[in-house]
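Take a look at the structure below.
For reference, positions follow the sequence shown, starting with 1. The figures that follow rest on heavy atoms only: side chains count, while hydrogens, waters and symmetry mates do not. Order of appearance sets the numbers: ligands from 1, and atoms from 1 within every ligand.
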Amino acid sequence: MDILSIIVPCYNEEEMLPITFESLRNKLSELIEKGKISPESFLLFIDDGSKDKTWELIENENKIHKEVRGLKLAGNVGHQFALTAGLIFAKDICDISISIDADLQDDIDVFEEMVDKYHEGNDIVYGVRNKRKTDSIFKRVTAQTFYRVMNFFGAKTIYNHADFRLMSQRALEQFSKYSEENLYLRGIVPLIGYKTECVYYDRKVRVAGKSKYPLRKMLALAIEGITSFSVKPIRYIVLLGFLSVFLSIAAFVYALVSYFLKTVEPGWTSLIVSIWFLGGVQLISIGLIGEYIGKIYMEVKRRPRYNIEKYTS
Ligand code: UDP
Ligand code: MG
């Protein structure tokens, strides 16, 4: 039977953890009793360099309940890296992983559906939020804009999916080959391939502790996502350059007409045309250099170029 590991990154979650431990342990036992997963399944809590009692709580829980395991990172590296640490650590000791935030805003009742979808042959199952009723309007609007902007700039992500997902062992194996420094999980996971599915749930409010994703961090994540997935922003510079050169033609016509109508000072005509034209040429040049830098950028990532799913000999 398949060993499930539930991977939970935690940063200063002392208020939340007692509740999280209990809910997740109960859920795990329920799934084990139903025969969906192996009795050796476990919870893996990653302490992301917390400053409060998070690690002590994890250690204590591990003494009482063996299915609760802990991994302490040496310092705070942020949610994405903490989760990655957990996924990579678990890839050799489990058959299926489910990642979830410590605040349990994501619905643990869909674990079963996720595992079922895995047994139907899906290697990745995304948890997707139905609505964002419980989030504040501000959080909702910023989050929605986030997805739109990301998709526009070429970082394709699953709409309304955060880092709540099931990944099979082989999906984790392939994921571990993405050795890039700028890590944006939601963008990388869809690149892995394999059969995937979504399960839908309603997102709850945080019951204890505070959100560690203020607007500042959301913006940072957005910029990280865009810049680590596409060179589109650079490409727009070239477009801007062409636009400027095109406008210089319009400026030229306008300046010429003004010149003959004698409505302008001498010298203005040549000046205004040169400004638009040279501005455009400069933008195009910068954009072209950018294109090459973009290529170098994509090369140095050393991403796996493909992932073989099956072979018939
Ligand atoms: N987290 C982490 N390291 C950090 C910040 C957050 O491991 O530096 C964890 C946090 O404990 C939680 C998850 O990442 O389990 C998501 O954080 P949070 O709930 O604060 O974000 P939100 O749901 O508000 O976007
Ligand atoms: Mg949260």
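Atoms of ligand 1 found under 4.0 Å from any heavy atom of Q105, numbered from 1 in the order shown, are 23 (O). For ligand 1, the atoms sitting less than 4.0 Å from at least one non-hydrogen atom of C10 are 7 (O), 11 (O), numbered in the order shown with element in parentheses. For ligand 1, the atoms lying closer than 4.0 Å to a non-hydrogen atom of P9 are 7 (O), 9 (C), 10 (C), 11 (O), 12 (C), 15 (O).
Counting heavy atoms under 4.0 Å from ligand 1, residue N76 touches it through the side chain alone. Residue contacts with ligand 1 for D101 involve both N, CA, C or O and side-chain atoms from C-beta outward (heavy atoms, distance under 4.0 Å). Residue E13 touches ligand 1 through its side chain alone, judged by heavy-atom distances below 4.0 Å.
Checking D103 against the Mg ion (ligand 2), an N/O/S atom falls under the 2.8 Å cut-off.
Ion pairing between E113 and K117 holds under the 4.0 Å rule for side-chain N and carboxylate O. Ionic pairing of K36 and D2 is not present here: no N-O contact between side-chain nitrogen and carboxylate oxygen is shorter than 4.0 angstrom. One finds a salt bridge joining K34 and E30 here, because a Lys/Arg side-chain nitrogen approaches an Asp/Glu carboxylate oxygen to under 4.0 Å. The pair K195-D123 fails the salt-bridge criterion, with no side-chain N (NZ, NE, NH1 or NH2) lying under 4.0 Å from an Asp/Glu carboxylate O.
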Quick one, L28 with F111, criterion side chain to side chain contact (heavy atoms under 4.5 Å, CB included). Give me CA distance, side-chain angles, the key distance, then yes/no. CA-CA 9 Å; L28 202 69; F111 282 4; over 6 Å; no
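Taking the six-membered ring where the residue is Trp, the centroids of F45 and F21 are separated by under 6.0 Å.
Between A82 and ligand 1, not a single N/O pair is under 3.5 Å apart.
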